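Numbering starts at 1 and runs along the sequence shown. Everything quoted here is computed from the prediction, not taken from an experiment.
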Amino acid sequence: MTSPGARRAVIILAATAALTAAIVIYAIFDPTESFFPRCPVKMATGLDCPGCGTQRALHTLLHGDFTGALRFNALLPFSFALLALLATASIMRLKGRPRLFNAIHTPRFINALLILIILWTIARNIWLPLH
């Protein structure tokens with residue numbers, strides 16, 4: 001049997017390898033001209049979903065064009081900030097300080113995120129079309 005520490009190390013290594021591979025793929029291939037999947041919501045309705053433009057934004061961001069990335073999906077930087085917040089909260093919780101984790105794992109926080117995503121979806125389809 002393997003120890004929990006060894007399993008954790010393998011999981012971290014695999015996640016790091018997958019993330020590195022994704023970054024390399026998004027840096028090399030332009031989502032507008034390659035094999036990346038198209039948004040099924042956009043294809044079916046003609047409307048932009050909350051994630052529309054994320055692949056193009058990531059590609060643009062990896063090439064150093066922050067402003068261009070914002071034009072494709074302005075919610076992307078907030079997503080990175082949210083991921084950093086969640087990671088920080090989880091690490092702090094593991095170290096015996098669960099206050100931040102408990103604060104962001106509440107219905108109020110989750111509902112606020114849902115409202116933000118809904119408002120973003122409405123705004124981008126009314127005022128900020130990607131076309």
Side-chain angles (χ1 to χ4, degrees):
M1 287 195 145
T2 58
S3 70
R7 272 185 262 143
R8 180 178 291 153
V10 169
I11 290 170
I12 290 171
L13 183 62
T16 302
L19 180 61
T20 302
I23 289 170
V24 168
I25 289 168
Y26 275 103
I28 293 173
F29 298 102
D30 184 350
T32 60
E33 302 171 358
S34 57
F35 55 87
F36 290 91
R38 303 290 180 232
C39 176
V41 173
K42 177 86 168 177
M43 289 172 40
T45 67
L47 298 172
D48 294 326
C49 77
C52 276
T54 299
Q55 294 181 109
R56 291 170 286 165
L58 283 172
H59 176 75
T60 305
L61 191 59
L62 289 169
H63 288 270
D65 184 2
F66 186 77
T67 306
L70 285 174
R71 273 183 289 199
F72 284 120
N73 191 329
L75 199 58
L76 185 64
F78 297 105
S79 300
F80 287 144
L82 178 62
L83 288 175
L85 178 69
L86 292 170
T88 301
S90 294
I91 290 167
M92 290 174 64
R93 178 176 162 231
L94 290 174
K95 294 185 178 214
R97 297 185 312 228
R99 189 172 179 189
L100 178 60
F101 183 90
N102 292 338
I104 62 176
H105 286 80
T106 62
R108 179 176 285 169
F109 186 83
I110 294 167
N111 288 336
L113 285 176
L114 182 59
I115 289 168
L116 174 68
I117 292 168
I118 290 168
L119 290 174
W120 164 242
T121 304
I122 293 168
R124 77 181 317 192
N125 282 292
I126 293 174
W127 298 295
L128 308 167
L130 290 175
H131 305 89

**Item:** Distance, nearest 0.5 Å, that separates OG1 of Thr67 from CG of Leu61
**Value:** 10.5 Å
**Complete:** Distance col, row Leu62:CG vs Ile25:CD1, nearest 0.5 angstrom, shows 11.5 Å
**Message:** Is there a path of hydrophobic side-chain contacts, each under 4.5 Å between heavy atoms, that joins Leu58 and Leu19?
**Reply:** yes
**Fill in**
The side chain to side chain contact (heavy atoms under 4.5 Å, CB included) partners of Ile110 (sequence neighbours excluded) come to none
**Prompt:** With sequence neighbours excluded, what pairs up with Phe36 under the ring-ring contact (aromatic ring centres under 6.0 Å, His included) test?
**Reply:** Tyr26
**Message:** Using the side chain to side chain donor-acceptor pair (under 3.5 Å) criterion, which residues pair with Thr106? Sequence neighbours excluded.
**Reply:** none
**Item:** Cluster check Ile12, Leu83: I/L/V/M/F/W/Y, side chain < 4.5 angstrom
**Value:** no
**Exercise: identify the closest heavy-atom pair between Arg38 and Thr32** = NH2-O, 3.7 Å
Distance-only donor-acceptor pairs under 3.5 Å for side chains of residues 95-105, two or more places apart:
from   : atom 1 : to     : atom 2 : distance (Å)
Asn102 : ND2    : Pro98  : O      : 3.3
His105 : ND1    : Phe101 : O      : 2.8

**Item:** Interatomic distance, Ile115 atom CD1 to Leu119 atom CG [nearest 0.5 angstrom]
**Value:** 7.0 Å
**Asked** Backbone N or O of Asn125 within a donor-acceptor pair of the Asp48 side chain at under 3.5 Å?
**Response** no
**Request:** Using the side chain to side chain contact (heavy atoms under 4.5 Å, CB included) rule, pick out the option among Phe78, Phe72, Phe80 that qualifies with Leu76.
**Result:** Phe80
**Fill in**
residues 37-63 vs ring pair (Phe, Tyr, Trp, His ring centres under 6.0 Å), sequence neighbours excluded, gives His59-His63
**Request:** Would you kindly confirm whether Met92 and Leu82 end up in one hydrophobic cluster when ILVMFWY residues are joined by side chain heavy atoms under 4.5 Å apart?
**Result:** yes
**Message:** Looking at Ser3, is its backbone amide N or carbonyl O close enough to the side chain of Arg8 to form a donor-acceptor pair, meaning the two atoms are under 3.5 Å apart?
**Reply:** no
**Fill in**
One should read off an interatomic distance between Trp120 CH2 and Leu113 CG, to the nearest 0.5 angstrom, of 15.0 Å
**Asked** Out of curiosity, does Ile91 fall in the hydrophobic cluster containing Leu85 (side-chain heavy atoms, cut-off under 4.5 Å, transitive links)?
**Response** no
**Ile117 to Leu75 - nearest heavy-atom pair and separation** = CG1-CD2, 4.4 Å
**Prompt:** Gln55 versus Cys39: any side-chain heavy-atom pair under 4.5 Å?
**Reply:** no
**Asked** When clusters are formed by joining ILVMFWY residues with side-chain heavy atoms under 4.5 Å apart, either directly or through shared neighbours, do Leu114 and Ile122 land in the same one?
**Response** yes
**Pairs satisfying side chain to side chain donor-acceptor pair (under 3.5 Å), at least one member in residues 12-22, at least two apart** = none
**Request:** Check Arg56 against Thr60 and note the closest heavy-atom contact, atom names and distance.
**Result:** O-OG1, 2.7 Å
**Prompt:** So, Asn73 side chain and Cys52 main chain: donor-acceptor pair closer than 3.5 Å or not?
**Reply:** yes
